[in-house]
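Heads up: the structure comes next, in structure tokens.
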Amino acid sequence: MYSFIFKSYIFNSHLLLVSEESQILLRILNGSFQTLDVIKERIFHDLFCSKANLDVIDMRQDNAVQKVNRDEQGSKDWSSKGNESNQEGDSTVGFNVLDAMLKRSLDRLKSMRERISSAEAGISNCTLEINFNKDAYVVRAMCLDGKLGAALSLWWDMIQNSIVPDVITHNYLINGLCKNGELEKAEWIVRGMLYRGPSPTCAAYNSLIRGYCLMNDVDKALNTFSTMANHGIIPNRVTCNILVHALCKKGLLEQAKNLFYKLLSKNHVRGSSDLITSTIMMDGCFKNGDTDQALAFWERMLKERIQVDKVSYNVVVHGFCLSHDVGTAYKYSCEMLKLGFIPDVYSYNTLVGALCRQGKTSDACYIYDVMTRMGVIPDQITYKMIIHGLCINKEIDRATCFLDYMLENSIIPEPLVWNVIIDGYGRCGDIQKASYIRGKMVAFGVLPNIYTYNALIYAKIKSGNFSAAQSLGKEMLLYGLTPDSVTYNLLIGAACNLGLLHSALQLHDELLRKGCHPDVITYTELLKLFCLQGMMREADKLFGKLLASGLAVDHVPFLILMKRYCRMREYNKVYDLYQQWLMTMPR
DNA sequence: CTAGGGTTAG
């Protein structure tokens, strides 16, 4: 019998009780248990030594009492085991007294259960249930693994079998769904919890709030925030951190600050949580361009003797990089180092990124060397920034070296990285190397995308091979890629420059048929062509279409037409165009 | 045990 009692005692935090009456009863039972503290520990120990006790215990309906009777057998072993090392007599007396107490309680429980059952007939046959089941752990693991469909169906199976998982398992599910953007399902689970239990906790609501923030729906997040209050759940620091972060990201610094101070006034405990909120605020200020405000938060942290950490230093370093003050950023990096914080991949990437953006690729490569020597492993982001920076600086061969480092370290770059190098070689007119990289990309299992093809088409055109460019345009269709306006603009532009009127018009026609939208570049290229060919009627017509299209028109089409009409000495036309051009300018 | 802060961006 005691084995049953103590199993339920240990798991009583997982007990699901729908009715108030049964909760009262549980409290009575718990009261009895408290007198058993002496032997509790030993039985607790036994419980954890015996795997068999981890099975589901079914306490439903009449089973409850039967179960107790069945377990009575086993309890003898338990108590005798216990007696080996403890005062023999005391325990036995204790058991006898408690036997009586508990039996009385259980009889009352039985009658209460019957009344509850008849009252809730059909609604709930899982009123009293121990929510301990190894399936719950499978649900958790599936959630962490991102297998939410499977997790949901297993959870549903459990519910159907009247086994209600504990609140933490529910939180795993809710959190997984929220991270996946499946907010409706998460909300549905929370509603179910409100109805059948276990009651949702702060963590569940925090997951929902974060989920809405990730969907960029701060209003919904704030709604959930008040729903939570309506259910009597007090938000904690995590709640506030999520909301402060979201408000900062939206640029609502004032609202974020208000929430920040509200949080501080409510809670006087200083510690790591305050550090996180302050770091979020500081980061928000830096990103919204308010360096002074950010530094004010930094100073406040130092004044309040909040122990700053690596992350807050990284935020400051990044903040100065954002305000184009790499010198000061570097100073803070050194300060951080002096204080004994070991820079991590974030610290180095921040500096590498800032240096690349300034075109200081040699310095960026130097930082790369330092980080590898310090044993910090460069990641995708490090390589991406360096390769991009080098390609912008036309140091394509050096960029290719970094691509090789990546491959040597079994990091397969995303298409963007390959595309940047292919584009770099193409722009330098090195079609061989561009094609070689594309071949390597395919060999590593990375599929070329529309950017790859546009870069290759550009390369072909640049090297004067229009027909090769055209066949690339056909080839991409085989891979299921649809040419976009950039592709057509490249090809139309090339055709125009070669004076291939027919090809250009054909391509333009194809563009329209494919449902692509011609942009200013398309119009400008064709306009140039018509002017070169002296087809002024078509040129005027096209120009009218461009102005009517609602596209933002720059000066180039005006200049092309005006130049042409100048040469034709049609100065009235030139003047008209000039007036029209003035009209398009912002006053 | 579950929830919260920092690096990139054709």
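To find a chain, count down the sequence lines: A is the first, B the second, and so on, and within it residues start at 1. A quick note: this is a predicted structure, and the numbers were derived from the prediction, not measured.
Distances shorter than 4.0 Å separate some side-chain N or O of A:Asn175 from OP1 or OP2 on B:dA3. The side chain of A:Lys287 contributes an N or O atom lying less than 4.0 Å from OP1 or OP2 of B:dT7.
Considering only the side chain of A:Arg357, B:dA9 comes nearest among B:dT2, B:dA9, B:dG5. In this structure, of B:dC1, B:dT7, B:dA3, it is B:dC1 that holds the atom nearest to the side chain of A:Tyr172.
Going from atom CD1 of A:Ile392 over to atom C1' of B:dA9 covers 11 Å, rounded to whole Å. Whole-Å rounding puts the A:Leu355 CG to B:dT7 P distance at 17 Å. Look at CG on A:Leu322: it is 12 Å from C1' on B:dT8, rounded to the nearest Å.
The backbone N or O of A:Tyr346 sits less than 3.5 Å from a side-chain atom of A:Thr350, completing a donor-acceptor pair. In this structure a side-chain-to-backbone donor-acceptor pair under 3.5 Å is present from A:Asp554 to A:Val556. Under a 3.5 Å cut-off, the side chain of A:Lys462 and the backbone N or O of A:Gly429 do not form any donor-acceptor pair.
Applying the 3.5 Å distance criterion, the base of B:dG5 shares no donor-acceptor pair with the side chain of A:Asp274.
Sorted by residue number, the members of residues 203-212 of chain A with any non-hydrogen atom under 4.0 Å from DNA chain B read A:Ala203, A:Asn206, A:Ser207, A:Arg210. Remark: A:Ile381, A:Lys384 in residues 367-384 of chain A come within less than 4.0 Å of DNA chain B through at least one heavy atom.
Within the 4.0 angstrom heavy-atom criterion, only backbone atoms of the sugar-phosphate kind lie near A:Ile280; the bases stay farther away.
A donor-acceptor contact closer than 3.5 angstrom links the side chains of A:Thr239 and A:Asn236. At a cut-off of 3.5 Å, with distance as the only test, no side-chain donor of A:Asn171 or A:Ser207 sits close to an acceptor on the other residue. For the residue pair A:Tyr425 / A:Thr400, a side-chain donor-acceptor distance below 3.5 Å is found, with atom types taken as modelled. Inspection of the A:Thr382 and A:Asp379 side chains reveals an N or O donor paired with an N or O acceptor under 3.5 Å.
Note on residues 362-372 of chain A: pairs passing side chain to side chain donor-acceptor pair (under 3.5 Å), not counting sequence neighbours, are A:Tyr368-A:Tyr383.
Ring-plane geometry between A:Tyr332 and A:Phe320 is classed as parallel, the angle between the planes falling under 30 degrees on a 0 to 90 degree scale with a further cut at 60.
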